[in-house]
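Reviewing the structure listed below.
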Amino acid sequence: MDRSMVQEIVEKQVLTVAKAVEEKLDDELHALERLDLDDLEVLRERRLKQMKKVAEKRSRWISLGHASLQVMDKHLSILAKQHIETRFVKIHAEKSPYLAEKLRIVVLPTLALVKHAKVEDYVVGFDELGHTDEFSTEELEERLAKAEVIIFEGESSKLKSKAPSKSVRQSANPDSSDSE
């Protein structure tokens with residue numbers, strides 16, 4: 001088959017598809033033009049219900065801690081101060097899609113544990129930390145030590161005494177909040 005024939009066949013196919021799409025859009029426009037005020041009110045009510053449902057889901061997710069990585073951020077800021085031998089770097093996956101793709105970050109939060117410019121391990125979500133965001137800083141410290149990205153000498157470098165370990169969400173002050 002010569003090149004001009006292939007191009008002609010492709011042009012016919014594109015034209016056929018374009019006509020079909022145009023006809024479908026014309027049909028939809030005609031249907032919209034035939035709507036009366038009652039139909040528009042029904043559409044409006046349906047859309048309002050959808051928007052309320054989305055808003056309820058959104059507020060429920062936010063109340064459950066979605067859209068916030070405060071828990072991981074608090075633990076890592078504590079560890080960063082204790083383990084100055086390790087560089088802790090935070091990126092926003094949504095704002096750095098190229099880097100997130102290169103690091104294969106799909107689930108948030110994800111800790112990419114890098115040694116000598118090479119990703120050695122990942123901590124994905126809270127799966128390895130008890131499947132909950134109520135884990136302690138010491139548990140995260142032990143996980144990072146297991147990957148040998150921090151120096152860990154057997155017991156938490158923060159609490160060398162036998163004080164009970166607390167999660168970031170627990171506080172000595174009962175009036176304190178998580179948003180402080």
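A quick note: this is a predicted structure, and the numbers were derived from the prediction, not measured. The analysis underlying the following values was restricted to heavy atoms, covering all of them including side chains, and did not include hydrogens, waters or symmetry mates.
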Members sharing Leu15's hydrophobic cluster (side chains within less than 4.5 Å): none

Any residue meeting side chain to side chain contact (heavy atoms under 4.5 Å, CB included) with Gln7, in chain and number order, not counting sequence neighbours: Glu11

Taking the ring centre of each residue, are Phe135 and His75 less than 6.0 Å apart? yes

Using the side-chain hydrogen bond (donor to acceptor under 3.5 Å, both in side chains) criterion, which residues pair with Gln50? Sequence neighbours excluded. Arg47

Leu48 CG: over 12 foreign heavy atoms closer than 6.0 Å: yes

What side-chain donor-acceptor pairs closer than 3.5 Å can you find for residues 112-124, not counting sequence neighbours?
unit_1 : atom_1 : unit_2 : atom_2 : d
Asp121 : OD1    : Arg143 : NH2    : 3.4
Asp121 : OD2    : Arg143 : NH1    : 3.2
Asp121 : OD2    : Arg143 : NH2    : 2.6
Tyr122 : OH     : Leu103 : O      : 2.4

Quick one about His92 and Glu94 (side-chain donor to acceptor, distance below 3.5 Å, no hydrogens or angles considered), yes or no? no

Can you name the residues that form a side-chain hydrogen bond (donor to acceptor under 3.5 Å, both in side chains) with Thr16, not counting sequence neighbours? none

With sequence neighbours excluded, residues passing side chain to side chain contact (heavy atoms under 4.5 Å, CB included) with Lys102: Tyr98

Contacts table for residues 19-44: side-chain donor-acceptor under 3.5 angstrom, sequence neighbours left out:
unit_1 : atom_1 : unit_2 : atom_2 : d
Asp36  : OD1    : Asp38  : N      : 3.3
Asp36  : OD1    : Asp39  : N      : 3.0
Asp39  : OD2    : Asp36  : N      : 3.4

With sequence neighbours excluded, tell me which residues meet salt bridge (charged side-chain N to carboxylate O under 4.0 Å, His left out) with Lys49. none

Considering only heavy atoms from C-beta outward, does the side chain of Leu140 approach that of Leu111 to under 4.5 Å? yes

